[in-house]
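First the structure, in the form of structure tokens, and then the observations on it.
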Amino acid sequence: MDGPLTWPRSVRVREVGPRDGLQAERHPVATDDKVRLIEALALAGLRRIEAASFVSPKAVPQMADAAEVWARLRRRPGVVYSALVPNRRGAEAAVEAGADALQVFVAATDSYNMANVRRTVSESLRDVEEVADVARGAGIAVEGTISTAFGCPYEGDVAPGVAIPVVSPYEIAPTPRRVVEVVEAVRGALPRLDINMHFHDTRGTALANAVTALGLGVDYLDSSVGGLGGSPFATGATGNVATEDLVHMLDDMGIETGVDLGALLDAARLAQELVASPLPSRVLRAGPRLAPARPAEAPRAGG
């Protein structure tokens, strides 16, 4: 990363709170409340929303109502509502419900993959191929995600090259150095790849990682309203980077997101109300940075 950094003019923000965030909550949120939150996020201007996952209700009871969420949702034009799916069965259920896009996932290590979906990485990659077949048949997009690309809670450090076979590196909590290593490894092998990055704030580095990714030309980032989220399979893994913290920073950097920060904060307050617990978002707690005061007008000469 030699030379001065340049930022993208705009950034695509994918909101993952309704799925990645709410599924980490101990107590399930009511279906109508999930719909309210998704609609509030779309009203704020978010154009990519991970609305639910079609997974085993025994494994993830918080997502047992995914089809009902889709049935009750009033969709806004121009918004892509995506679903996370683990296999063909989940993909077919998501397509039947009306998902606009699918997301598949596999871990970088067998240990985490077994803890997450009880399958080896090789087995999950076969599932990914079947999900892609379903998406092609339905004429909708599918994105691939690799978790623990920056490190595994069971196996420790992960070599940067493991992210190469998939579409979007997804992680637990790296530092900027690790972001550079992974992005450069992926770009070196797949220069045309559209990289999405997903940062948790477990050790307070999420925004620093986001800035590092921006400097590398990444213009597609995940975030979660209020900072909801955290992996149930990684001890101490706290929430995702808060959407309002990310948007607030991007706004101050002059980077366009298309998101109304005021409306987004309303959605964050709703999320906090629904989970009945304080959320870790800094901007939700402290409020937006005040606009800088205009310099005083210079006195005019003469009379």
Side-chain angles (χ1 to χ4, degrees), residues 11 13-30 33-34 36-38 40-41 44-46 48-53 60 62-63 84 145 147-148 150-151 153 170-176 178-179 196-214 221-253 255 257 259-290:
V11 165
V13 177
R14 178 168 62 190
E15 171 59 52
V16 303
R19 195 284 302 176
D20 191 15
L22 294 185
Q23 80 169 25
E25 290 299 310
R26 180 170 299 180
H27 302 292
V29 172
D33 287 336
K34 291 179 181 177
R36 286 172 59 204
L37 179 59
I38 294 168
L41 292 164
L46 288 151
R48 293 168 179 81
I49 300 176
E50 190 180 71
S53 60
V60 189
Q62 297 88 340
M63 293 288 112
L84 189 77
T145 294
S147 60
T148 66
F150 296 94
Y170 176 97
E171 50 72 52
I172 294 177
T175 58
R178 297 182 186 275
V179 174
N196 163 274
M197 305 204 80
H198 175 118
F199 297 121
H200 287 215
D201 204 31
T202 304
R203 295 177 181 86
T205 60
L207 289 179
N209 293 332
V211 171
T212 302
L214 294 173
L221 300 172
D222 281 0
S223 59
S224 178
V225 62
L228 283 167
S231 172
F233 308 109
T235 302
T238 50
N240 301 291
V241 62
T243 306
E244 55 274 19
D245 291 354
L246 178 64
V247 169
H248 180 267
M249 180 186 75
L250 294 173
D251 281 353
D252 196 60
M253 295 170 71
I255 298 173
T257 64
V259 180
D260 181 318
L261 182 59
L264 177 58
L265 284 167
D266 288 340
R269 283 186 279 269
L270 172 61
Q272 186 165 256
E273 174 189 326
L274 297 183
V275 301
S277 179
L279 293 176
S281 163
R282 274 79 163 178
V283 177
L284 180 60
R285 182 169 61 249
R289 178 181 182 276
L290 295 176

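With Q272 contributing its side chain and L279 its backbone, the two residues share a donor-acceptor pair below 3.5 Å. Side chain of D260 to main chain of A44: no donor-acceptor pair is present (N/O by atom type, distance under 3.5 Å, no hydrogens or angles). A donor-acceptor pair is defined here as one N or O able to donate and one able to accept, closer than 3.5 Å; no such pair exists between the side chain of Q62 and the backbone of V29.
Once rounded to the nearest 0.5 Å, the distance linking OG1 of T212 with CZ of R178 reads 13.5 Å. Taking CE of M253 as the reference point, atom CD1 of I255 lies at 4.0 Å (rounded to 0.5 Å). The CG atom of L250 sits 9.0 Å away from the OG atom of S223 when rounded to the nearest 0.5 Å. Put simply, CE on M197 and CG on L221 are 8.5 Å apart, with the number rounded to the nearest 0.5 Å. For the atom pair CG (L246) and CG (D251), the distance works out to 9.5 Å, reported to the nearest 0.5 Å. A distance of 12.0 Å separates CG of N209 from NE2 of H198, quoted to the nearest 0.5 Å.
A pairwise comparison of heavy atoms in S281 and A242 identifies CB-CB, 3.8 Å as the closest pair. Between A267 and L37, the shortest heavy-atom contact is O-CD1, 3.6 Å. Contact between S53 and R19 at its shortest, heavy atoms only, is N-CG, 3.5 Å.
Taking 4.5 Å as the limit, some side-chain heavy atom of M249 sits within range of a side-chain heavy atom of V211. A heavy-atom distance below 4.5 Å is found between the side chains of F199 and V179. Side-chain atoms of P280 and D201, non-hydrogen and from C-beta on, never get closer than 4.5 Å to each other. Between L22 and V275 the shortest side-chain heavy-atom distance falls below 4.5 Å. With a 4.5 Å cut-off on side-chain heavy atoms, P18 and K34 do not count as touching. Proximity of D20 to S224: side-chain heavy atoms (C-beta onward) are nowhere separated by under 4.5 Å. Side-chain contact between V13 and R48 is absent, with no heavy-atom pair separated by less than 4.5 Å. Between E25 and L228, the closest side-chain pair of non-hydrogen atoms falls below 4.5 Å.
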Derivation of the side-chain contact (heavy atoms from CB on, under 4.5 Å) call for V16 and L84: CA-CA 10 Å; V16 303; L84 189 77; over 6 Å; no
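Each of V241, V247, N240 was evaluated against T243; a single residue qualifies, V247, per the side chain to side chain contact (heavy atoms under 4.5 Å, CB included) test.
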